[in-house]
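Taking it in order: structure first as C-alpha cells, then the write-up.
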Amino acid sequence: MAAVEELLLHLVEQRDMLVLPLIGGPVVDAPEAIELQRQIAAALEDLLATARSRSLVRPDVTTVDLITTAALACRPLPYLPSEQTTALATRHVRIFLDGLRPDSTQPLPAAPTHEEFTAHLRTAQETEPDPGDTNA
C-alpha cells in the first residue's frame with residue numbers, strides 16, 4: 001500500500017498542474033488519452049491484485065476507487081493557504097488508505113467498472129449543449 005500512498009501524495013503535490021475531467025477539467029476523447037487511461041487502470045488493477053492476494057486491502061476495492069480518490073484529493077481549495085490545503089489533502093489520502101484495509105467492516109455499494117466510468121466521462125462532453133447553438 002506504500003505505492004498507492006506514494007502515488008496519491010505525489011498527485012496532491014502536483015495538483016496545481018493537473019487538469020482533471022473528474023473535477024471540471026476538459027474531457028479528452030483522443031485515442032492516445034483513452035489508451036493511457038486504460039494503461040493506468042491496468043497498472044492500478046495489478047497493484048490492487050497483488051495487495052488483495054496478500055490480504056493488504058479489502059476485496060471490494062476497485063481502480064475506480066483509487067482514481068476518484070486521487071481526483072477528489074487534488075480538488076483545489078482556493079481560499080486556504082497552500083500549506084493548509086496540502087495538509088488537508090494528505091489527511092484525506094491517509095484516512096482513505098486506512099479505509100482500504102481488509103479489516104474494515106462497512107460494506108461498499110457496487111462500483112462502476114472502469115469502462116462504465118470512462119464512457120460516462122466521454123458521454124458527458126458529447127451531451128452538453130453547444131454554447132454557440134441558438135436552437136438549444
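Index from 1, following the sequence.
Closest of all the heavy-atom pairs between S55 and P102 is O-CG, 3.1 Å. Closest non-hydrogen pair, L11 versus C74, comes out as O-SG, 3.4 Å. Contact detail for F96 and T69: the closest heavy-atom pair is CE1-OG1, 3.1 Å. In terms of heavy-atom proximity, E45 sits nearest to R52 at OE2-NH1, 2.8 Å.
Residue E6 places its CD atom among 12 or fewer non-hydrogen atoms of other residues, nucleotides or ligands, all under 6.0 Å distant.
Note: E5 CD to L100 CG = 11.0 Å, rounded to the nearest 0.5 Å. Atom OG1 in T86 sits 13.5 Å away from atom CZ in R91 (nearest 0.5 Å). In this structure, the separation between CG on L88 and CD on E83 is 11.0 Å, given to the nearest 0.5 Å.
Side-chain contact between R94 and L9 is present, with heavy atoms from C-beta onward closer than 4.5 Å. Two residues are said to be in side-chain contact when any heavy atoms from C-beta on lie closer than 4.5 Å; L66 and L48 meet this criterion.
Here D60 pairs with R58 in a salt bridge; the nearest charged N to carboxylate O distance falls below 4.0 Å.
Residue L36 is grouped with residue L47 when hydrophobic side chains (ILVMFWY) are merged at heavy-atom distances under 4.5 angstrom, including chains of intermediate members. Under a hydrophobic clustering in which Ile, Leu, Val, Met, Phe, Trp and Tyr are joined whenever their side-chain heavy atoms come within less than 4.5 Å, directly or via other members, L97 and V61 fall into the same cluster.
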Worked check of side chain to side chain contact (heavy atoms under 4.5 Å, CB included) between T63 and I40: CA-CA 9 Å; T63 59; I40 291 169; over 6 Å; no
Evaluation steps, side-chain hydrogen bond (donor to acceptor under 3.5 Å, both in side chains), between R15 and T85: CA-CA 10 Å; R15 71 184 174 280; T85 301; 4.6 Å; no
